[in-house]
Amino acid sequence: MNTVLTRKRLVIGNWKMHGTLAANATLLDGIKADAASVQDCEVAVCVPFPYLGQVQASLEGSSVSWGAQDVSTHEQGAYTGEVSAAMLADFGSRWVLVGHSERRSLHAESDQLVAEKAIAALAAGLTPVVCIGETYEQQQSGQTSSVIERQLAPVLALGADLVTRMVLAYEPVWAIGTGLSASPEQAQDVHAFIRARLQGLGVPQVRVLYGGSVKAVNAASLFAMPDIDGALVGGASLQAQEFLRIAAA
Ligand code: 13P
């Protein structure tokens, strides 16, 4: 089986904690206006919780799907401030990011917790986008593969039936918001490592996105790599034209 052909490209915008109702309306109109012209690539946005209703109302019926940036491991109950996967599904969400490096570092999310969030998302019919990646210090000291291995372990331990319903995103922490993207070759090396792990589990068709300072100018060279299936885009996803140029690449 040619797994390359079965892995449809995917570009997801991670708005992080940005936006207002007014700014979102302009951004969403811009994305919708041109999204239909993007061929052979799924386009999605992951937005702050309060804007899910707005995004659903705007994007329903378009080719662009949406989701959130985090989810509770719990189904419901006395968990003040948490948002369940079923709530995200209620707003038509298709995706949810889990284990973004900002959650791991600022909220001490463990590899195990991230895997539990992925399970919660799957149980509600969402596709978890599991984020992994090493810090600058870890990269400099040659620990990239051991960090990736460790972060992946509890996720891969869930088994092929669940992992096949996920998307992975490799986001080297040193490349996030720095303007310093990994080179296509650097990213490909890690993606090939991840692909080998997926292959070992019998699910080589799982998509692996790259994230970290992806812009229209570097997107095509990253997407030319055999194991890079798309991008998770931060800053550049806040401008409709730039975001769609990445998807078009
Ligand atoms: P930037 O594209 O702003 O570097 O952010 C990447 C990211 O963290 C996406 O989740």
Side-chain angles (χ1 to χ4, degrees), residues 9-19 23-24 27 31 41-49 51-52 55 64-71 88 93-107 109 111 114 117-118 121 126-136 138-139 144 147-148 151-152 155 166-184 186-187 190-191 194 207-223 225 228-249:
R9 303 256 176 206
L10 171 63
V11 170
I12 301 179
N14 173 9
W15 290 4
K16 307 196 178 184
M17 200 173 73
H18 293 288
N24 301 345
L27 176 55
I31 293 173
C41 177
E42 282 182 81
V43 179
V45 290
C46 285
V47 308
F49 295 134
Y51 297 131
L52 279 170
V55 169
V64 182
S65 53
W66 60 93
Q69 302 167 11
D70 186 31
V71 66
L88 303 182
S93 298
R94 164 125 190 256
W95 315 93
V96 63
L97 309 182
V98 297
H100 190 281
S101 67
E102 287 147 20
R103 303 280 330 161
R104 291 178 188 263
S105 67
L106 301 172
H107 301 271
E109 292 194 2
D111 302 328
V114 171
K117 289 188 171 192
L126 307 177
T127 300
V129 179
V130 180
C131 305
I132 54 178
E134 82 286 5
T135 64
Y136 179 74
Q138 290 165 334
Q139 193 239 13
T144 300
V147 170
I148 298 293
Q151 292 175 333
L152 274 180
V155 175
M166 301 180 188
V167 167
L168 301 182
Y170 169 57
E171 298 204 301
V173 179
W174 47 270
I176 293 177
T178 59
L180 182 79
S181 170
S183 71
Q186 261 176 325
V190 181
H191 280 240
I194 297 168
R207 290 178 286 186
V208 186
L209 311 183
Y210 168 78
S213 298
V214 177
K215 309 261 183 294
V217 290
N218 60 16
S221 58
L222 287 161
F223 298 163
M225 295 291 128
I228 298 181
D229 304 319
L232 185 53
V233 184
S237 73
L238 299 174
Q239 294 164 339
Q241 293 303 318
E242 177 76 5
F243 181 53
L244 290 171
R245 273 203 291 270
I246 293 170

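Just follow the structure's listing: the first ligand is 1, and inside any ligand the first atom is 1. Quick note: numbers below take in every heavy atom, side chains included, and nothing from hydrogens, waters or symmetry partners.
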Under 3.5 Å donor-acceptor, [X] side chain and [Y] backbone:
X    : Y    : result
Y210 : A182 : yes
R104 : V114 : no
D229 : V167 : no

task = Can you tell me which residue pairs pass the salt bridge (Lys or Arg N to Asp or Glu O under 4.0 Å) test with a partner in residues 230-249, sequence neighbours excluded?
result = E242-R245
remark   = Nearest heavy atom to atom 2 (O) of ligand 1, choosing from A236, S181, G234, A231, belongs to G234
Short N/O distance, under 3.5 Å, between [X] and ligand 1?
X    : answer
T178 : no
G235 : yes
K16  : yes

inquiry  = Quick check for you: to the nearest 0.5 Å, what is the distance between W95 atom CH2 and T127 atom OG1?
reply    = 5.0 Å
side-chain hydrogen bond (donor to acceptor under 3.5 Å, both in side chains) involving Q151 - partner list, sequence neighbours excluded = none
Structural part of N14 in contact with ligand 1, heavy atom criterion under 4.0 angstrom = side chain
With the threshold set at under 4.0 angstrom, would you say [X] reaches ligand 1 through any of its heavy atoms?
X    : answer
A175 : yes
G212 : yes
G177 : yes
K215 : no

task = Verify the distance criterion only: is there a donor paired with an acceptor across the side chains of Q69 and H100 at less than 3.5 Å?
result = no
remark   = In ligand 1, the atoms that come under 4.0 Å of a heavy atom of L232 are 9 (C), 10 (O)
inquiry  = If you compare all heavy atoms of P184 against all heavy atoms of L222, which two are closest, and at what distance to 0.1 Å?
reply    = CA-CD2, 3.8 Å
note = of all protein heavy atoms, closest to atom 9 (C) of ligand 1 is E171 OE2, 2.9 Å
